[in-house]
Protein chains: 2
Amino acid sequence: MSHLDPKLADLKCGSCPIRHRAVCARCEADELQQLEAIKYYRSFEAGQPVIWSGDRMEFVASVVTGIATLTQTMEDGRRQMVGLLLPSDFVGRPGRATAAYDVTATTDLVMCCFRKKPFEDLMASTPHIAQRLLEMTLDELDAAREWMLLLGRKTAREKIASLLAIIARRNASLRAANTGGVRFDLPLTREEMADYLGLTLETVSRQMSSLKREGVIVLEGKRHVIVPDLDRLLEETGDDSDGGMLN
Amino acid sequence: MSHLDPKLADLKCGSCPIRHRAVCARCEADELQQLEAIKYYRSFEAGQPVIWSGDRMEFVASVVTGIATLTQTMEDGRRQMVGLLLPSDFVGRPGRATAAYDVTATTDLVMCCFRKKPFEDLMASTPHIAQRLLEMTLDELDAAREWMLLLGRKTAREKIASLLAIIARRNASLRAANTGGVRFDLPLTREEMADYLGLTLETVSRQMSSLKREGVIVLEGKRHVIVPDLDRLLEETGDDSDGGMLN
DNA sequence: TGGATGCCTTGACCCAGATCAACCCTCCCA
DNA sequence: TGGGAGGGTTGATCTGGGTCAAGGCATCCA
């Protein structure tokens, strides 16, 4: 769930036909060749499960296009989303045999998979890859910790604003013409938003309505969001105004 | 905040006088020698800050003895603890110049520090170290995600029980004589527990009283906890009964 | 063309946990 | 030897967000 670094995202990876930063960034010819040999693509339709918690997991992968979610479920059905995988994000854990979370495609999804065993071997012999993965994992850890603050201490309104701000940031390219605003499609249903934010879907709906009523956002249909003034939205998140001090 | 692996924790690391698994586990003679050259110890008294969010951070480190916390604070003072560092846990991020969280010693604390720049150089030349760090970071990420479920979906009582269970697990060696129980000292004040669990200190106190009233725990003084029946406590956590399926 | 299904909204009510406040205990040191 | 600071408990009350329930609006097929 690390935030996209545009420089890395735009690296075209040698002969790899699709842009993604997961493992290829900075990779050199022979490493790349070895990666090519063990990689394959899989696609999923919106709504399909990628893997269930506890299943054997024979690969690690990175998202090429589309969006997937990681969720945990308690026996009584309470659900908490613990990660949102956007293009270039990585799933799977070298050294672990089974999946720890349910992974689901929320939109149509293409993933670039690497068979786990050869990937691990490759990692042992090429320090670049372990270092790159370490970097990405540390980004994810930071994102998870930011999310802990949200879950533990923010109000419902701040949670919604924070989620919108994150999606807006990842879609920063889609600026509304010549204004300080942004527009984007929500990739999540109200229920999925609730699962991510530790709320109920009714509360999500009410807070969206409230932000709309007060002009912080404009809704076109249920899913398309226009943020006329990004700073106004950021004020609602409860975060430090300076946007964080990562790196 | 990864959970202690007793096997690794007990590795005595070559000439390193103090047991900790942070970087030394499995290390070989020359790597070790290089690590030795850049390491030094620092100690802190209970309550002292180790570093503030935003400060320059010239080292990475692992906890040798004692307990430290990672916390985030919002401008209006709301606080959320995002990590609990127990002996053998690692702090700091190669490749980042400033600290992202407040780090505080909650008990007397000894840390084994490595100067950052030479540590990064060493990491670049010795794949073991990056891989070891990756493994540890993935453990922390899992722990963070488990905590997200707690913060987002568990009740106050389940949160308290979960925290007690985690501390009990890390102190599994201190089993109460010949019973299925465990005893340990709480390393946190009620307020720190609250900051960790996303609650207020009053709620923490009330739930502790309630667990005590119902015999799930016995309190000797404010801080010493006896868990007469660990399974009974685990039932209160809301978690899957099978204790998770890590690895 | 009409109902069924999925997704979303809104209202009425309730309750877990926050807030506000009083008080207790223990340790410290003036 | 007393008072004050730090930590903890408990009670009374309030409220944000959960729960329950009704209905709206697309889209999809029969």
Side-chain angles (χ1 to χ4, degrees), chain A residues 45-48 69 74 76-80 104 106-107 150-164 185-214 217-225 236 238, chain B residues 45-48 69 74 76-80 104 106-107 150-164 185-214 217-225 236 238:
Chain A
E45 283 171 31
Q48 272 192 329
T69 60
M74 298 170 67
D76 62 7
R78 282 176 279 175
R79 285 159 52 86
Q80 177 65 49
T104 313
T106 55
T107 64
L150 178 145
L151 290 171
R153 294 302 185 194
K154 289 191 178 179
T155 64
R157 166 179 268 247
E158 289 169 339
K159 286 177 176 183
I160 298 283
S162 300
L163 178 57
L164 294 176
D185 279 306
L186 280 175
L188 303 174
T189 66
R190 299 288 185 263
E191 186 175 19
E192 287 163 339
M193 292 173 68
D195 284 343
Y196 204 10
L197 298 169
L199 298 171
T200 60
L201 70 94
E202 292 94 331
T203 298
V204 170
S205 183
R206 274 187 253 272
Q207 294 297 334
M208 289 289 287
S209 299
S210 154
L211 288 173
K212 175 178 156 194
R213 206 177 311 122
E214 296 169 30
I217 59 174
V218 177
L219 286 176
E220 272 176 7
K222 316 282 186 194
R223 294 295 195 90
H224 194 79
V225 177
E236 298 285 351
Chain B
E45 284 172 29
Q48 272 191 329
T69 61
M74 298 170 69
D76 62 6
R78 281 177 280 175
R79 286 158 51 84
Q80 177 65 49
T104 312
T106 55
T107 64
L150 177 145
L151 291 171
R153 296 300 185 195
K154 289 190 179 179
T155 65
R157 167 179 267 247
E158 288 170 339
K159 287 177 175 183
I160 298 283
S162 299
L163 177 58
L164 293 176
D185 279 307
L186 280 174
L188 303 173
T189 65
R190 299 290 186 262
E191 185 176 20
E192 287 163 340
M193 292 172 69
D195 284 342
Y196 204 10
L197 299 170
L199 297 171
T200 59
L201 69 92
E202 292 94 329
T203 299
V204 170
S205 183
R206 273 187 254 272
Q207 294 296 335
M208 290 288 288
S209 299
S210 153
L211 288 173
K212 175 179 155 193
R213 206 176 313 121
E214 296 169 30
I217 59 174
V218 178
L219 287 176
E220 271 177 7
K222 316 281 185 194
R223 295 294 195 91
H224 194 80
V225 177
E236 298 285 350

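Proteins come first, then strands; the chains are lettered A, B, ... in the order of their sequence lines, and each starts at number 1. Keep in mind that this is a model prediction, so the values were computed, not measured.
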Whole-Å distance separating the [atom1] atom of [X] from the [atom2] atom of [N]:
X        : N      : atom1 : atom2 : answer
B/Leu151 : C/dA16 : CG    : P     : 20 Å
B/Ile160 : C/dG17 : CD1   : P     : 10 Å
A/Leu197 : D/dG18 : CG    : C1'   : 15 Å
B/Leu219 : D/dT10 : CG    : P     : 10 Å
B/Arg78  : C/dA18 : CZ    : P     : 13 Å
B/Leu150 : C/dG17 : CG    : C1'   : 15 Å
A/Leu211 : C/dT9  : CG    : C1'   : 15 Å
B/Lys159 : C/dA18 : NZ    : P     : 7 Å

ask   = Just wondering, do B/Thr189 and B/Arg223 contact through their side chains at under 4.5 Å, heavy atoms?
value = yes
query = Can you find a pair of side-chain heavy atoms, one from A/Leu164 and one from A/Leu211, that are under 4.5 Å apart?
reply = yes
Stepwise side-chain contact (heavy atoms from CB on, under 4.5 Å) check, A/Met208 with A/Leu219 = CA-CA 9 Å; A/Met208 289 289 287; A/Leu219 286 176; 4.1 Å; yes
ask   = Shortest non-hydrogen contact from A/Ser162 to A/Leu150?
value = CB-CD1, 3.5 Å
Minimum heavy-atom distance between A/Glu192 and A/Pro187, given as atom pair plus value = OE1-O, 4.2 Å
query = Who pairs with B/Lys222 by side chain to side chain contact (heavy atoms under 4.5 Å, CB included), at least two apart in sequence or on another chain?
reply = B/Arg190
task = Return the set of residues passing side chain to side chain contact (heavy atoms under 4.5 Å, CB included) with A/Arg78 (not counting sequence neighbours), or none when no residue passes.
result = A/Met74, A/Asp76, B/Arg153, B/Thr155, B/Glu158
For a quick check of understanding: with a heavy-atom distance under 4.0 Å over all strands, which category does [X] fall into, base, sugar-phosphate or nothing?
X        : result
A/Leu201 : base
A/Gly198 : sugar-phosphate
B/Gly47  : nothing
B/Thr200 : base

Residue-phosphate contact under 4.0 Å: A/Arg223 side-chain N/O, C/dC7 OP1/OP2 = no
Neighbours of DNA chain D within residues 202-209 of chain A, by heavy-atom distance under 4.0 Å = A/Glu202, A/Thr203, A/Arg206
remark   = The residue, B/Thr155 or A/Lys222, whose nearest nucleotide of DNA chain C is more 5′ is A/Lys222
